[in-house]
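For reference, the structure is listed below as structure tokens.
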Amino acid sequence: MKLVGEIILPGDKSISHRALMLNAISYGKATISNLLRSQDILATINVLRNLGVKIEEFEDQVIVYGRGFSSLKEPQVALDCQNSGTTARLLLGLLAGLDINATIIGDNSLTKRPMKRVTDYLLSLNGKIVLTNENYLPAKVLSSKIKASEIHLHISSAQVKSALMLAALKSQDTTIIHELSKSRNHTELMLDYLGCDIEVNDLSIKLSGKKDLICKDIIIPGDLSSAAFFIIGCLINPGSAVLLKNCGLNPTRIGLLKVLDMINAQYEILNRRTYGNEICGDIYIKYQDGLRSFTIEKDLVPLLIDEIPILALLATQIEGTSIIKDANDLRVKESDRLNAIYENLKKLGGNIYQTEDGLIIKGKTELHGNIVNTYHDHRISMMLKVAQTLCKEIKIENDCVDNISYPNFVIDLQKLLK
Ligand code: S3P
């Protein structure tokens with residue numbers, strides 16, 4: 001099979017969450033275009049509505065009305081973040097330091113994901129949150145008053161960093177956050193766009209709630225993490241050529257493009273433009289022979305953290321040994337992704353080994369049919385659907401999860417397949 005044609009990418013998931021939350025705590029009215037309409041984003045919309053935020057949904061736009069932090073009222077129900085780690089972790093920061101009490105819950109998978117990584121730091125800003133078994137949802141956020149502080153993060157996580165920034169906005173004094181390594185900076189860019197008192201210097205972020213945020217219209221760029229499935233689909237199927245339109249190219253998200261450079265894959269970026277503070281463009285890529293194996297480690301990991309499942313599939317189709325390390329955070333995503341990748345690719349005939357913090361994959365191997373499982377994880381599901389383009393006999397169990405980040409994934413993939 002080959003992938004041929006063009007796709008207009010759905011809105012970026014990370015930026016969509018932030019566009020909703022940050023406009024809700026700004027003053028005025030914002031029209032958001034190309035907002036991702038997936039299950040995770042619907043979870044954020046529902047949570048904000050349950051907090052009293054007015055959000056109007058139209059077919060191609062969503063309007064958010066903000067009244068600063070006074071938009072947020074004590075909720076009458078538990079706030080259900082469903083499967084969305086970003087909703088839950090950012091919400092912990094959004095609510096910390098307000099004069100309200102709230103309970104945050106999630107689905108089976110989210111309830112197993114660590115939250116202490118956020119709340120420990122929120123505690124140092126004087127937030128008050130009680131977690132179940134000191135690490136998990138349900139969480140009770142209690143009324144508190146934020147005290148600005150200086151924080152050195154010991155984990156590279158955009159969700160943790162963003163939760164802290166959202167909490168810090170409730171103090172007039174300056175909070176300083178030092179990152180361990182650069183993670184996606186959409187919150188910083190959008191806060192700046194909305195007029196926040198924020199200054200970023202390499203790995204240090206200084207911000208305060210001194211200036212009111214003002215609602216602004218936002219166009220959301222497409223999601224490179226979604227584009228990744230087509231990019232790799234194209235590189236593993238001879239005769240493929242795709243144009244992926246409207247793709248976010250924020251420098252803190254383009255680890256995948258760095259891997260393409262590493263393996264000597266050629267691609268073109270066309271129509272480079274900016275939406276707000278975010279860079280966007282179209283990516284054109286064709287199938288190419290003779291790609292080199294790759295190593296992903298250290299500071300590169302946060303720049304492609306969600307692309308590792310599909311990069312592992314690519315590794316099975318490249319000559320040589322590819323190595324992924326320093327990626328232990330993948331064990332606490334929507335599934336234990338290192339294990340899910342290992343178990344599935346092994347079953348399909350991949351020459352793959354699992355280490356504590358990564359994978360070693362020897363290529364090139366011809367994949368064969370078998371029954372595989374998504375582990376209820378959208379990115380594992382989409383990776384396996386791309387694997388099916390190499391081998392029709394692959395049967396996927398529990399595959400109804402793409403709607404978490406990309407509801408039209410199968411339709412778009414079918415459109416490209418020739
Ligand atoms: C996200 C950050 C990343 C990423 C997730 C979305 C965000 O998680 O894996 O899909 O929107 O901030 P971590 O912050 O846990 O690395």
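Order of appearance sets the numbers: ligands from 1, and atoms from 1 within every ligand. All heavy atoms count here, side chains included; hydrogens, waters and symmetry mates do not.
Judged purely by atom type and a 3.5 angstrom limit, Ser381 has no side-chain atom pairing as donor or acceptor with the backbone of Asp377. The main-chain N or O of Ala96 is found under 3.5 Å from a side-chain atom of Lys170 such that the two form a donor-acceptor pair.
Considering only non-hydrogen protein atoms, atom 12 (O) of ligand 1 sits nearest to Arg18 NH2, 2.6 Å. The protein non-hydrogen atom at the shortest distance from atom 1 (C) of ligand 1 is Gln159 NE2, 3.6 Å. Of the protein's heavy atoms, Asp306 OD2, 2.7 Å lies nearest to atom 10 (O) of ligand 1.
Ligand 1 has an N or O atom lying under 3.5 Å from an N or O atom of Ala158, backbone or side chain. Residue contacts with ligand 1: Ser14 is placed with a nitrogen or oxygen under 3.5 Å of a nitrogen or oxygen of the ligand (distance criterion only). Annotation: Lys333 places an N or O atom under 3.5 Å from an N or O atom of ligand 1; distance criterion only. Of the N or O atoms in Ser157, one or more lie within a sub-3.5 Å distance of an N or O in ligand 1.
Counting non-hydrogen atoms of other residues, nucleotides and ligands closer than 6.0 Å to CD1 of Ile371 gives a total of 12 or fewer. By the 6.0 Å contact criterion, CG on Asp99 is open, its count of non-hydrogen atoms from other residues, nucleotides or ligands being 12 or less.
Taking CG of Leu122 as the start and CD1 of Ile146 as the end, the distance is 6.5 Å to the nearest 0.5 Å.
Ring geometry for His152 against His178 counts as parallel: the plane angle stays under 30°, on a 0 to 90° scale with 60° as the upper cut. Tyr406 and Phe230 have perpendicular rings, their planes meeting at more than 60° on a 0 to 90° scale where under 30° would count as parallel.
Contacts with ligand 1 closer than 4.0 Å are made by no heavy atom of His186, backbone or side chain.
Residue Lys161 places every heavy atom at 4.0 Å or more from ligand 1.
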